[in-house]
Amino acid sequence: PSSSVGLSLSISLSDAELERLIERPSEAREALEQARVALERLTTARAEVYGDETPEGQQLARCERRLERALRGALEGLSAQRCLPPIIALIGGTNTGKSATLNLLAGREVSQEKMSANATKRPLIYAHERWREALMSAERPWATPEFASSSDEPLQRGGEGPLLSLHSDERLVDLVLIDSPDLDSTASENTYSAAEVMSWAERALFVVTPHKYKDALLVDALGELLTHAHPVSVLFNMVSAPEHLAEMQADLQACLAHSGVLVQQRGALSFTPATPKLSLLERREGQEARREALLRSLEPEDRAFERRE
């Protein structure tokens with residue numbers, strides 16, 4: 001009934017919101033779908049108010065077509081699955097519990113846990129089935145991975161090249177996890193493979209224990225990740241004396257500073273909730289709470305690093 005009617009579709013994103021959508025492709029797809037639905041409603045309302053023959057109606061129709069093409073292209077790009085959510089590598093030394101940590105994050109036993117040196121011999125990529133095509137793409141830095149069994153049996157890690165295990169857990173849809181071989185392995189092919197995984201990752205979950213966190217080789221590897229602007233979360237695993245945790249964390253930071261790594265901005269090096277040393281029964285009883293705490297600690301943060309000359 002009014003003499004003039006205004007119609008608009010406003011889509012605005014702050015830098016932080018845009019960064020969040022880049023980090024979480026599933027949220028980006030949802031946001032684009034919502035914009036597409038809003039555009040359809042706008043088109044219907046415009047036709048009712050202005051019609052198709054008036055100058056105003058024709059101008060709005062041209063804008064709608066441009067928006068529709070942009071949204072369709074963005075959705076097709078996501079559907080092609082050429083982008084991936086953050087790749088998080090589980091890095092650490094022998095018997096620090098990398099495979100156990102992957103199993104905790106997965107909520108089931110994906111990788112066999114062995115208390116023997118060099119147990120993990122092949123990188124294991126654990127990702128949502130949505131990213132199948134992207135992970136198999138020739139554009140990726142790794143060789144074409146071998147599909148792992150989809151059964152509930154823990155994976156055997158013999159052979160060469162990366163293994164790919166797909167899941168349908170929506171809680172993990174915005175993460176690609178890679179369990180790496182041991183950095184301090186006595187087998188040269190394992191240490192080479194671990195270094196490769198470090199180069200693939202955008203972020204790292206560095207798993208240490210109270211007995212190995214100051215090993216020079218591991219401290220150097222952690223410093224290398226920080227130097228190359230990798231956000232790193234350190235997980236102290238198998239902690240039997242939680243009251244000493246803060247002291248060990250400060251001690252590790254001192255070791256990094258001594259080796260020449262300077263954390264420039266708070267958040268550059270973070271610490272996840274420690275995993276206590278537990279019996280098998282205790283691990284099963286508190287597993288879900290520990291899993292949720294660990295997943296929350298892996299939420300993206302802004303981090304920056306520099307190496308002190």
Going by the rule ring pair (Phe, Tyr, Trp, His ring centres under 6.0 Å), which residues pair with His167 if we only count those two or more places apart in sequence or in a different chain?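 His167 satisfies ring pair (Phe, Tyr, Trp, His ring centres under 6.0 Å) with Tyr126, His128 once adjacent residues are dropped.
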My understanding is that only residues two or more places apart in sequence, or in another chain, count here; which of them pass ring pair (Phe, Tyr, Trp, His ring centres under 6.0 Å) with Phe206?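 Per chain and number, Phe206 pairs via ring pair (Phe, Tyr, Trp, His ring centres under 6.0 Å) with no residue.
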Can you tell me if [X] uses its side chain to pair, donor with acceptor, with the backbone of [Y] under 3.5 Å?
X: Lys214; Y: Val219; answer: no
X: Glu146; Y: Leu163; answer: no
X: Trp131; Y: Asp174; answer: no
X: Ser233; Y: Leu205; answer: no
X: Asn103; Y: Ser99; answer: yes
X: Ser193; Y: Asn190; answer: no

Would you say that more than 12 heavy atoms from the other residues, nucleotides or ligands in this model lie under 6.0 Å from the [atom1] of [X], or not?
X: Gln59; atom1: CD; result: no
X: Glu53; atom1: CD; result: no
X: Arg171; atom1: CZ; result: yes
X: Glu170; atom1: CD; result: yes

Less than 4.5 Å apart, side chain to side chain, heavy atoms only: is that true for [X] and [Y]?
X: Leu245; Y: Met248; result: yes
X: Leu298; Y: Leu105; result: yes
X: Leu175; Y: Pro85; result: no
X: Val208; Y: Leu222; result: no
X: Thr94; Y: Lys212; result: yes

Can you tell me how far CD1 of Ile91 sits from NZ of Lys98, rounded to the nearest 0.5 angstrom?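 Answer for the NZ-CD1 pair, Lys98 versus Ile91, is 8.0 Å.
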At what distance, to the nearest 0.5 angstrom, does CD of Glu196 lie from CD of Glu189? 12.5 Å
Pair Val197, Leu90 - check side-chain contact (heavy atoms from CB on, under 4.5 Å), show working. CA-CA 9 Å; Val197 172; Leu90 279 70; over 6 Å; no
Report the C-alpha separation of Met198 and Ser180 in whole Å, then their side-chain angles, then the decisive distance to 0.1 Å, and conclude whether the side-chain contact (heavy atoms from CB on, under 4.5 Å) test is met. CA-CA 8 Å; Met198 287 171 59; Ser180 70; over 6 Å; no
Does the side-chain contact (heavy atoms from CB on, under 4.5 Å) test come out yes or no for Glu56 and Val49, once each step is laid out? CA-CA 10 Å; Glu56 294 88 349; Val49 175; over 6 Å; no
Result for side chain to side chain contact (heavy atoms under 4.5 Å, CB included) between Thr96 and one of Val207, Asp182, Thr101, Asp184 points to Val207
Residues Leu269 and Phe271: closest non-hydrogen pair is CD2-CZ, 4.3 Å
Is it true that Tyr192 and Ile125 fall in one hydrophobic cluster, defined by side-chain heavy atoms closer than 4.5 Å?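 In one cluster with Tyr192: Ile125, no.
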